Amino acid sequence: MHDAQDTRPTSSNPYMSDWLSSMQTTAHDSALLPPHHGDCLGCGPANQHGHHLRARRHGDGVVAAHVFDGRHVGAPGIAHGGAVATVLDDLFGFALYVVGELAVTRKLEVEYLAPVLLQTEYTLHAEMLSRNGRKLRLRARVEDQNGQVVATADALFIVVGPAHFTSRAPVIQARR
Ligand SMILES: CCCCCCCCCCCCCCCC(=O)SCCNC(=O)CCNC(=O)[C@H](O)C(C)(C)COP(=O)(O)OP(=O)(O)OC[C@H]1O[C@@H](n2cnc3c(N)ncnc32)[C@H](O)[C@@H]1OP(=O)(O)O
């Protein structure tokens, strides 16, 4: 049984209530989109181990310029595949601001076409391809400075209601 029908923000937990309100904004212009929260592994500015991804709306999708660094190394000089997947997953999380839905990753498929190098700027794009009920199909790509696509990702996100997050809130807060 899913929790998508419950779209009411919670009032019993101020932290979650504030967070859910901040998430339920839809991006209309190319201004920098807000991080999912301060500690988010993909985009949180307070996460010392994170990627600090910053994205903007671009047409019906989102775009980001991103540099992997030594914290994300796999083979020498090359970003770890899991780090690339994290950033792509988070980029999809930014695309949700354009879609205007709370949703979570159900399936993520990454194709690594060429090594993603450390200390090198890449341009990342993501957009929604289609929607069928709660199922959102999204696609992303990572391009180097010559326009060569070095990685792509396809994802299935499922629309959820606030209860998806609020029902786990005590665990989340206990770990902070
Ligand atoms: C307004 C602005 C918002 C801003 C936006 C911020 C949001 C806030 C995110 C913040 C952060 C982001 C950062 C990055 C994104 C994460 O990292 S999200 C974290 C990682 N993901 C998770 O933790 C999700 C864990 N999984 C779950 O909780 C549950 O599996 C889910 C996703 C809620 C779905 O459970 P469920 O509601 O029981 O759904 P279920 O009925 O199994 O499947 C739903 C539908 O999908 C279909 N389906 C399921 N699997 C598949 C499959 N593999 N292939 C095809 N179809 C499938 C089912 O058949 C079903 O179809 P219908 O019957 O509806 O036609």
Side-chain angles (χ1 to χ4, degrees), residues 1-10 13 15-47 49-64 66 68 72 80-111 124-142 151-176:
M1 189 158 134
H2 67 74
D3 47 20
Q5 272 88 18
D6 181 6
T7 56
R8 295 164 300 169
T10 175
N13 182 329
Y15 172 80
M16 287 304 290
S17 180
D18 287 353
W19 179 70
L20 285 165
S21 298
S22 69
M23 284 297 99
Q24 287 169 310
T25 52
T26 305
H28 294 292
D29 57 31
S30 61
L32 212 53
L33 295 165
H36 299 118
H37 57 84
D39 295 325
C40 177
L41 177 64
C43 58
N47 189 327
H49 308 288
H51 295 272
H52 301 173
L53 182 67
R54 288 151 58 94
R56 296 176 187 278
R57 179 169 186 160
H58 182 71
D60 288 336
V62 291
V63 64
H66 192 65
F68 291 90
H72 312 124
H80 196 291
V84 175
T86 297
V87 166
L88 286 166
D89 194 22
D90 204 69
L91 188 70
F92 287 133
F94 278 112
L96 297 176
Y97 287 125
V98 179
V99 175
E101 293 281 14
L102 281 176
V104 290
T105 321
R106 175 67 176 239
K107 185 177 180 184
L108 176 65
E109 184 175 50
V110 181
E111 192 160 11
L124 287 62
H125 299 265
E127 62 183 347
M128 186 169 75
L129 296 181
S130 65
R131 175 171 187 166
N132 179 5
R134 297 172 59 217
K135 292 172 285 189
L136 313 178
R137 299 262 176 204
L138 297 114
R139 177 164 294 167
R141 67 182 190 279
V142 180
T152 59
D154 287 280
L156 172 64
F157 273 64
I158 305 291
V159 174
V160 295
H164 176 88
F165 304 101
T166 56
S167 62
R168 283 95 176 170
V171 178
I172 295 167
Q173 291 200 310
R175 289 180 185 161
R176 286 175 63 81

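Remember, it's 1-based here, ligands and their atoms both numbered in the order they're listed. This is a predicted model, so every value here is computed, not measured. Atom set for the values below is all heavy atoms of this structure, side chains included, hydrogens, waters and symmetry mates excluded.
No donor-acceptor contact under 3.5 angstrom links the side chains of H51 and D90, judged on distance only.
In this structure, R137 contributes its side chain and R139 its backbone to no donor-acceptor pair below 3.5 Å. Without hydrogens or angle criteria, R56 side chain to H58 main chain gives no donor-acceptor distance under 3.5 Å.
Every atom of ligand 1 is numbered from 1 in the order shown, and the set under 4.0 Å from a heavy atom of I158 is 32 (C), 44 (C), 45 (C), 46 (O). Every atom of ligand 1 is numbered from 1 in the order shown, and the set under 4.0 Å from a heavy atom of V160 is 33 (C). Each of the following atoms of ligand 1 lies closer than 4.0 Å to a heavy atom of D90: 13 (C). Atoms of ligand 1 found under 4.0 Å from any heavy atom of G100 (numbered from 1 in listed order, with element): 1 (C). Shown in contact with K107 at under 4.0 Å from a heavy atom are these atoms of ligand 1, numbered in order with element: 53 (N). Using a 4.0 Å cut-off to heavy atoms of L102, the atoms of ligand 1 that qualify are 7 (C).
For atom 50 (N) of ligand 1, the candidate residues are R134, R106, R137; the nearest heavy-atom contact is made by R106. Nearest-heavy-atom check against atom 60 (C) of ligand 1 across E101, K135, E109 picks out K135. Proximity annotation for atom 24 (C) of ligand 1: of T105, L156, L88, T105 comes nearest, heavy atoms only.
Note on ligand 1: G42 sits outside its first shell, no heavy atom being nearer than 4.0 Å. Y97 counts as a contact of ligand 1, since one of its heavy atoms falls under 4.0 Å from the ligand.
Within a 6.0 Å sphere centred on CZ of R131, other residues, nucleotides and ligands contribute more than 12 heavy atoms. Few gaps surround NE2 on H52; more than 12 heavy atoms of other groups in view lie less than 6.0 Å from it.
The two atoms that bring F94 and P34 nearest to each other are CE2-O, 3.2 Å, heavy atoms only.
The CG atom of L91 sits 10.5 Å away from the CZ atom of R141 when rounded to the nearest 0.5 Å.
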Problem set entry | Derivation and outcome, side-chain contact (heavy atoms from CB on, under 4.5 Å), residues L53 and T86 | CA-CA 10 Å; L53 182 67; T86 297; over 6 Å; no

